[in-house]
Amino acid sequence: QVQLVESGGGLVQAGGSLRLSCAASGSPVSINLIGWYRQAPGKERELVATISSVGPPNYADSVKGRFTIFRDNFKKTLYLQMNSLKSEDTARYYCLARAIPTSYWGQGTQVTVSS
């Protein structure tokens, strides 16, 4: 019923920037956009950043100071601004949303950083 579509990934040189987007659609009710996760081949999916309406965003230590999460609730879109990219940031990035009691994942968008 709910669809999340990530976009904005690609190939970028180390030190460069990308902005990821996650657009939510297909639901008659408001969807709570939670945050971004990433997964490299053969590794577990890990938290990158989360956002809420009751406090400041949370970031993984590895991206703190380089990434910024923000959302447009009217457009039902979640963003991740990624600056000073490193080769270690190479992964598939996934958007997470929730409409209690169900959580939803997008299909992911690939980010590859060359050194």
Side-chain angles (χ1 to χ4, degrees):
Q1 188 72 14
V2 173
Q3 185 178 31
L4 303 177
V5 179
E6 299 98 329
S7 61
L11 176 63
V12 64
Q13 190 173 3
S17 298
L18 288 172
R19 180 177 290 182
L20 307 184
S21 300
C22 171
S25 64
S27 175
V29 300
S30 178
I31 300 298
N32 186 20
L33 296 163
I34 301 298
W36 290 92
Y37 292 70
R38 67 187 181 188
Q39 187 170 24
K43 297 184 178 180
E44 297 293 322
R45 189 171 298 185
E46 65 176 354
L47 182 147
V48 177
T50 59
I51 191 169
S52 77
S53 61
V54 298
N58 293 319
Y59 297 94
D61 288 342
S62 59
V63 309
K64 199 170 298 181
R66 300 187 297 119
F67 291 8
T68 303
I69 186 171
F70 58 102
R71 63 188 175 191
D72 185 331
N73 285 326
F74 182 78
K75 296 181 178 179
K76 304 301 181 186
T77 302
L78 183 69
Y79 302 92
L80 184 69
Q81 179 65 46
M82 310 166 67
N83 298 326
S84 302
L85 282 162
K86 306 175 179 179
S87 60
E88 306 94 276
D89 297 316
T90 295
R92 193 164 186 87
Y93 285 70
Y94 297 89
C95 173
L96 173 66
R98 183 172 297 130
I100 295 173
T102 307
S103 296
Y104 301 92
W105 293 97
Q107 84 290 342
T109 185
Q110 179 67 36
V111 172
T112 303
V113 183
S114 61
S115 60

Cluster link L33 to V5, ILVMFWY, side chain under 4.5 Å: no
Side-chain donor/acceptor of S87 to backbone N/O of V113, under 3.5 Å: no
For the student: nearest non-hydrogen atoms of S84 and S17, plus distance: N-OG, 4.3 Å
In one Ile/Leu/Val/Met/Phe/Trp/Tyr side-chain cluster, 4.5 Å: Y59, Y37: no
Atom pair CZ (R19) and CG (N83), whose distance is rounded to the nearest 0.5 Å: 9.0 Å
Nearest-0.5 Å distance, OG1 of residue T77 to CZ of residue F70: 10.0 Å
Y79 OH to D72 CG distance, which is reported to the nearest 0.5 Å: 5.5 Å
Contact summary for V111 and M82, nearest pair of heavy atoms: CG1-CE, 4.2 Å
Exam field: side chain R71 to backbone N32, donor-acceptor pair closer than 3.5 Å: no
Stepwise side chain to side chain contact (heavy atoms under 4.5 Å, CB included) test for S103 and L96: CA-CA 7 Å; S103 296; L96 173 66; 4.1 Å; yes
Minimal non-hydrogen separation, G8 against L18, with atom names: O-CD2, 3.8 Å
A40 versus A91, closest heavy-atom pair with distance: N-CB, 3.9 Å
Exercise: identify the closest heavy-atom pair between L80 and A49: CD1-CB, 4.3 Å
Reported CH2-to-CG distance for the pair W36 and L47, which is rounded to 0.5 angstrom: 12.5 Å
Criterion salt bridge (charged side-chain N to carboxylate O under 4.0 Å, His left out) against R38, the qualifying member of E46, E88, E44, E6: E46
Y94 and W105 aromatic ring geometry - parallel, tilted or perpendicular at 30°/60° bounds: perpendicular
Straight-line distance of L4 CG to K76 NZ, nearest 0.5 Å: 12.0 Å
Nearest-0.5 Å distance that lies between atom CD in Q81 and atom CZ in R66: 12.0 Å
Closest non-hydrogen atom pair, G35 against I69: CA-CD1, 3.8 Å
K64 bridged to D61 by N-O distance under 4.0 Å: yes
Contact check, side chains of L11 and Q110, non-hydrogen atoms, under 4.5 Å: no
Linked, directly or transitively: L20 and I34 (ILVMFWY side chains, under 4.5 Å): no
